[in-house]
Protein chains: 2
Amino acid sequence: MDDHEMLLLSNQVCFPTYAVANKILRRYQPLLKELGLTYTQYVTMMVLWERERVKEKDLVEALYLKANTLTDLLKKLERKGYVAVRRSALDKRSVEIVLTEAGRELKERAVSVPKTLAEEHWLTDEEIVQFKELLNKLLKGDWGK
Amino acid sequence: MDDHEMLLLSNQVCFPTYAVANKILRRYQPLLKELGLTYTQYVTMMVLWERERVKEKDLVEALYLKANTLTDLLKKLERKGYVAVRRSALDKRSVEIVLTEAGRELKERAVSVPKTLAEEHWLTDEEIVQFKELLNKLLKGDWGK
DNA sequence: ACAATTTATATCGGATGCGATATAATTACG
DNA sequence: CGTAATTATATCGCATCCGATATAAATTGT
């Protein structure tokens, strides 16, 4: 591949990944709006629904985000009453996030989101498996710090 | 799959897509900083390097973005001197974007970006083909408007 | 013990990205 | 022909994201 070709949009992997991520986000937004959640708030809640209680640090790892991105987001989730945020007693640098009763209740309503979207069959079951394997390889790779 | 499983982060397609897109963005940023471009400005310039001259409307389609996202971005690229933005004479609603000489020169320096990243081999050649096919199917799908 | 380093968050500023809404130009149509 | 509908942008406000930098607490090394 020569220099010219290297700069063609169609030869990039980054570009369609970025475009698909944006497109997925746009599809989720109207559904999440009914729950009063943004997309990042939604995936954050997903971790809480699985674990009930996590350190901010573990959340950062689980979501592949940076701590500063989560700081504000957690405050917003706290204002909405879905989580409690408190300094850990054991390690006063650390922050613990705990699911509240309201947060637990939200889960019941949230089920409709993956249900609705699963019915749209963007990919076949086999393609989904393939796609997730590739995405995982990219996520685990150590090229992005 | 029951309701509980449906809300596991590990069963989502959206989540790793979103995480990978963010990770890719983070990897590009330091390289693009040397060119004085942000990621979206970079992909916009890619279209210009291919076509020399486009309508804003066509740019919106090519980049899978919304017009309002591009309006500000184009002004910034214009301030940097890489493009000229003008109302079309034929259709005064429409805006034409034209690559400038400085924009053309930028291309020479930009080649280093895909070159550097290609050397990092995030995926094998075969996986890249597979991945792009899946991404394309998702991009072409009519579920996201 | 205690100075130096590391770790976990918080703050700030810059750049998106989008929906909702507004505006101006063009097209459709009765 | 003139009004209604459509199209292409522009504005505004909100919610991310991130890098750089700051701060406080814990850990390490001597």
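Protein chains get the first letters and strands the later ones, always in sequence-line order, with residue 1 at the start of each.
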* To do: Verify the neighbour count for atom CZ of B/Arg86: are there more than 12 heavy atoms of other residues, nucleotides or ligands below 6.0 Å?
  =>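 No, the 6.0 Å shell around CZ holds no more than 12 heavy atoms from other groups.
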Look at [X] together with [Y] and state whether they make a salt bridge at an N to O cut-off of under 4.0 Å.
X: B/Asp3; Y: A/Lys115; result: yes
X: A/Arg109; Y: A/Glu34; result: no
X: B/Lys57; Y: B/Glu61; result: yes
X: A/Arg51; Y: A/Asp58; result: no
X: A/Arg104; Y: A/Glu52; result: yes

May I have the distance from [X] (atom [atom1]) to [N] (atom [atom2]), rounded to whole angstrom?
X: B/Asn22; N: D/dA15; atom1: CG; atom2: C1'; value: 13 Å
X: B/Lys66; N: D/dT16; atom1: NZ; atom2: P; value: 20 Å
X: A/Lys57; N: C/dT6; atom1: NZ; atom2: P; value: 16 Å
X: A/Leu25; N: D/dT16; atom1: CG; atom2: P; value: 10 Å
X: B/Glu56; N: D/dT11; atom1: CD; atom2: P; value: 11 Å
X: A/Leu31; N: C/dG19; atom1: CG; atom2: C1'; value: 15 Å
X: B/Glu96; N: D/dA8; atom1: CD; atom2: P; value: 13 Å
X: A/Leu59; N: C/dT9; atom1: CG; atom2: C1'; value: 13 Å

* Side chain proximity check, B/Trp122 to B/Ile24, heavy atoms < 4.5 angstrom -> yes
* Side-chain touch A/Leu117/B/Trp143, heavy atoms, less than 4.5 angstrom -> no
* Identify which nucleotide among D/dT16, D/dA8, C/dA8 has an atom closest to any side-chain atom of A/Leu73, counting heavy atoms from C-beta outward. => D/dT16
* Between D/dG19, C/dC18, D/dA8, which one does the side chain of B/Gln29 approach most closely? -> D/dG19
* Asked: Sub-3.5 Å donor-acceptor pair from the side chain of B/Lys23 to the main-chain atoms of A/Leu138, do we have one?
  -> yes
* **Touch class at under 4.0 angstrom, heavy-atom based, for B/Thr69 against every strand present** =>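 Base contact - B/Thr69 has a heavy atom under 4.0 Å of at least one base atom.
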* To do: Could you run through nucleotides 20-29 of chain D and give me one letter per nucleotide, 5' to 3': B if any protein heavy atom sits under 4.0 Å from the base, S if only the sugar-phosphate is that close, - if neither?
  => B----BS---
* Asked: Which residue lies toward the 5' end of DNA chain D, A/Leu65 or B/Lys75, if each is placed at its nearest nucleotide?
  -> B/Lys75
Side-chain N or O of [X] less than 4.0 angstrom from OP1 or OP2 on [N]?
X: A/Thr71; N: C/dA10; answer: yes
X: B/Arg86; N: D/dT9; answer: no
X: B/Arg27; N: D/dG19; answer: no
X: B/Ser94; N: D/dT9; answer: yes

* Under 4.0 Å from any atom of DNA chain C, heavy atoms only: list the residues of residues 36-45 of chain B that qualify, in numerical order. => B/Thr38, B/Thr40, B/Gln41
* Asked: Remaining members of B/Met1's ILVMFWY cluster at a side-chain heavy-atom cut-off under 4.5 Å?
  -> B/Met6
